[in-house]
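Data first, discussion second: the structure below is written as C-alpha cells.
So that the names make sense, note that chain A is the first sequence line, chain B the second, and so on, each numbered from 1.
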There are 2 protein chains.
Amino acid sequence: MVDSRNTARTTEAAKPARLNRAQRCLVLKALADPRRFELLERIAKAGCPLACAQALAALSISAATLSHHVKELESAGLIRVRRDGKFAYLTLRPGVLPAMASLLTSLESANCARR
Amino acid sequence: MVDSRNTARTTEAAKPARLNRAQRCLVLKALADPRRFELLERIAKAGCPLACAQALAALSISAATLSHHVKELESAGLIRVRRDGKFAYLTLRPGVLPAMASLLTSLESANCARR
DNA sequence: TCGACATTTCGATAACTGTCGAATTGATTA
DNA sequence: TAATCAATTCGACAGTTATCGAAATGTCGA
C-alpha cells in the first residue's frame, strides 16, 4: 500500500507524491491488467463514489473477481474504498496517477540521444 | 507492436501519439516488471544507444532473459533495436512514454469527485 | 429472529510469465 | 575454413495471477 503520509494533505492542495520503487511497481502492476484498468477508468470518470454493485453490473465478471481487483487497486494506493454497511464505494485517490505520469515523463526527458 | 504510423515523423517534431487499448496494455505490461523497468531506465538515461552487452553487464540476468525483456520492450513499442552485425543497440523510442503519461493524467483530470 | 442481500474469503484451476541452461544462428577473426 | 563470440531461440520449470463457484461474514428490513 502506498504510504498515506506521502499523500496526507495539510489543507486542500493535491500533492505530487513521488513514488518509490516498490510503489511504482505496485501501481504499474495494478494498471497492467485490462479489466482492472477499465474498472479504474469507470471510477475516475464517475462524478461520484462508484458503488461496487454498479461496477459489478458494468464489467462482466463475478463478484469474487471484482473484489480481488478492488483489493489490488486499493493496495496499490490508486483508489480508496469507503465501506458503509452492506455497501462499498470506490473513489480515485488523487495524486497517484499524476505521480506515475510525471515519473514516466521524467524518464523520457532524461534521454539525451536524439536518434 | 505499436503501429509505427502513429509515430512516423513528417520532418523533425516529436509526436504525442495517442495509445489505443491494446497498445496501452502492452506498454503497461512491459513497464510492470521491475527488471524491465530498470533496463528501460538505463536505456533512457544512456546518452547514446546502449549496447546489449552493456545492459547485460549492468543487470545481473542471463543473456537469454535479457533477450526476452528486450523483445518485450520492443514489441510494446518502447524501444528500438538496431542490429549491427554481432551486436544490438537499444534506444528509447520517443513519444511513447509521454503518450502513456498523458493518458494517465487525463484519466485523473476526468475525475470530478473532489472527495 | 429470520431471511435476503452485498461483499469478502477460501480453495481450486488454468493460463501466463520470468528465469535459466543448452542448443542454435549468424558474424567476425585467426 | 575453423574457432570464437553476441545474440536469439528452445524447452523446461517455478512462481504468480486472474478467474470462478461455494462458503462465510456482516448488514438491513420484515
Nearest non-hydrogen partners of Val96(A) and Leu19(A), listed with the distance:
O-CD1, 4.3 Å

Polar contact flag, side-chain donor to acceptor under 3.5 angstrom, Ser106(A)-Ser109(A):
no

Using a 4.5 Å cut-off on heavy atoms from C-beta on, say whether the side chain of Val70(A) contacts that of Val81(A).
yes

Do Thr65(A) and Ser62(A) pair up side chain to side chain, a donor and an acceptor below 3.5 Å, judged on atom types alone?
yes

Can you tell me how far C1' of dT17(D) sits from CG of Leu73(A), to the nearest Å?
14 Å

Tell me whether the side-chain N/O atoms of His69(A) come closer than 4.0 Å to OP1 or OP2 in dT19(D).
yes

So which one's nearest nucleotide on DNA chain D is more toward 5', Ala64(B) or Ala64(A)?
Ala64(B)

So, using salt bridge (charged side-chain N to carboxylate O under 4.0 Å, His left out) as the criterion, who are the partners of Arg21(B) when residues are at least two apart?
none

Below 3.5 Å is the cut-off: list the nitrogen or oxygen pairs between protein and nucleotides 5-7 of chain C, distance only.
| residue | atom | partner | partner atom | Å |
| --- | --- | --- | --- | --- |
| dT7(C) | OP1 | Ala88(A) | N | 3.3 |
| dT7(C) | OP2 | Ala53(A) | N | 3.3 |

Nearest whole angstrom, please: distance from the C1' of dA6(D) to the CG of Asp84(B).
12 Å

With respect to the side chain of His68(A), which nucleotide from dT19(D), dG18(C), dG21(D) is positioned closest?
dT19(D)

Using atom CD1 of Ile61(A) as one end and atom C1' of dG21(D) as the other, report the distance to the nearest whole Å.
15 Å

In whole angstroms, how far is the P atom of dT16(D) from the NZ atom of Lys29(B)?
17 Å

Check the distance between dC20(D)'s P and Leu59(A)'s CG and give it to me in whole angstrom.
11 Å

Between P of dC16(C) and CG of Asp33(B), the distance in whole Å
17 Å

To the nearest angstrom, the NZ-C1' distance between Lys71(B) and dG18(C) comes to 13 Å

Please determine if a side-chain N or O atom of Thr65(B) lies less than 4.0 Å away from the OP1 or OP2 oxygen of dT19(C).
no

Measure CZ/Arg35(A) against P/dC20(D) and give the value in whole Å, please.
7 Å

CG on Leu107(B) to CD1 on Ile43(A), rounded to 0.5 Å:
10.5 Å

Does NZ or CZ of Arg83(A) fall inside the cone over Tyr89(A)'s six-membered ring, less than 6.0 Å from its centre and within 45° of the axis?
no

